[in-house]
Every structure is written in C-alpha cells, then in structure tokens.
Amino acid sequence: QVQLVESGGGSVQAGESLRLSCAASGYMNSRRYMGWFRQAPGKEREGVAIISLDNDITWYADSVKGRFTISRDNGKNTVYLQLNSLRPEDTGMYYCAADSSVPTRVLLSSRAYRYWGQGTQVTVSS
C-alpha cells in the first residue's frame with residue numbers, strides 16, 4: 001500500500017511562489033511514477049507535472065511549463081512541486097498521485113493513477 005501526504009498549500013498574490021511537498025510511504029515499486037494534479041471547482045482534475053523515480057524524467061502540462069518544477073528527494077521519500085509566477089487560474093486543490101507503471105501517453109491523466117493524497121489548497125488572488 002502507498003500513502004501520500006501533501007503539504008505546502010496556501011493563499012498568495014499573483015506572481016508569488018509556493019512549494020508543495022508530497023511525503024510518500026509504502027512499497028517503492030508501487031510509486032515509480034509520482035506527480036501532481038489539480039482540480040478547480042466545477043472542473044475536471046488535470047495533470048500538472050509528473051516525475052519518473054527511475055530516471056528523473058519529467059513531464060509538464062503546457063499551462064505550467066517554465067513556471068512549475070517537479071523534483072524529488074529520495075532520502076526523504078518526498079516529491080516537491082515548486083510553483084513560481086503563480087496566476088489566478090492556478091487556483092485549485094493540488095493532489096499528489098503515484099503508481100507503479102504509467103504509459104507515456106496517459107501520464108497526465110488522473111485515471112492512470114491508483115494512489116492519491118488528500119490534497120492541499122492553493123489560492124492565487126489577482
């Protein structure tokens with residue numbers, strides 16, 4: 001079993017930054033792909049950034065490329081999401097997700113992941 005616990009959300013002004021953390025526990029092979037999704041009220045959950053723990057390859061949604069950075073600290077079993085130049089449209093609940101094997105074509109699809117955290121809220125005001 002895999003457990004994921006997010007932290008680091010908050011309320012900021014447009015242009016400011018936040019760093020989200022996802023502390024993971026459980027069977028390592030069940031979380032070889034980890035990432036971040038977000039969901040705004042009334043909208044579907046969308047993929048933001050994914051990292052492969054095997055080789056550190058990363059994938060990003062077009063809307064966050066150049067502003068968000070996903071990284072990991074193996075010693076702490078933690079994955080981070082650095083959010084820079086935040087915009088009001090970045091507002092939403094941010095969820096950490098993990099799974100053992102995810103085809104490249106669906107890496108940013110929430111349906112591809114079995115394990116989820118409880119979420120952390122990010123609110124960006126203009």
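In this chain, residues are counted from 1 in sequence order.
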In Å, rounded to the nearest 0.5 Å, how long is the span from [atom1] of [X] to [atom2] of [Y]?
X	Y	atom1	atom2	answer
Q121	T91	CD	OG1	7.5 Å
Y115	M34	OH	CE	12.0 Å
M28	L53	CE	CG	4.5 Å

* Verdict with reasoning, I51 to W36, per side-chain contact (heavy atoms from CB on, under 4.5 Å) -> CA-CA 9 Å; I51 187 167; W36 291 91; over 6 Å; no
Just list the side-chain donor-acceptor pairs under 3.5 Å for residues 97-106, sequence neighbours left out, or say none.
unit_1: D99; atom_1: OD1; unit_2: R114; atom_2: NE; d: 3.1
unit_1: D99; atom_1: OD1; unit_2: R114; atom_2: NH2; d: 2.8
unit_1: D99; atom_1: OD2; unit_2: R114; atom_2: N; d: 2.8
unit_1: D99; atom_1: OD2; unit_2: R114; atom_2: NE; d: 3.0
unit_1: S100; atom_1: OG; unit_2: R114; atom_2: NH2; d: 3.2

Within the structure provided, determine whether [X] and [Y] are in side-chain contact (heavy-atom separation under 4.5 Å).
X	Y	value
V48	Y60	no
T69	L81	no
Q82	I70	no
F37	E44	no

Backbone N or O of [Y] within a donor-acceptor pair of the [X] side chain at under 3.5 Å?
X	Y	answer
S52	I57	no
Y95	Q39	no
T78	K76	yes

Between [X] and [Y], is there a shared hydrophobic cluster once you connect ILVMFWY residues whose side-chain heavy atoms come closer than 4.5 Å?
X	Y	result
L108	V79	no
Y113	M93	yes
I50	Y94	no
F68	V122	yes

Expected list for residues 12-24: side-chain donor-acceptor pairs under 3.5 angstrom, two or more places apart:
unit_1: Q13; atom_1: NE2; unit_2: S125; atom_2: OG; d: 3.2
unit_1: E16; atom_1: OE1; unit_2: Q13; atom_2: N; d: 3.0
unit_1: S17; atom_1: OG; unit_2: N84; atom_2: OD1; d: 2.9

What closest approach, in Å, do [X] and [Y] show between heavy atoms, and which atom pair accounts for it?
X	Y	result
R67	D90	NH1-OD2, 2.7 Å
R38	S63	NH2-OG, 3.5 Å
R32	D54	NH2-OD2, 2.6 Å

* **Aromatic plane relationship, W59 with Y33 - under 30° parallel, 30 to 60° tilted, over 60° perpendicular** => tilted
* **Under-4.0 Å salt bridge between K65 and D62** => yes
* Do other residues, nucleotides or ligands put more than 12 heavy atoms under 6.0 Å from Q3 CD? -> no
* **Test side-chain contact (heavy atoms from CB on, under 4.5 Å) applied to R45 and W116, step by step** => CA-CA 12 Å; R45 192 169 297 188; W116 292 88; 3.3 Å; yes
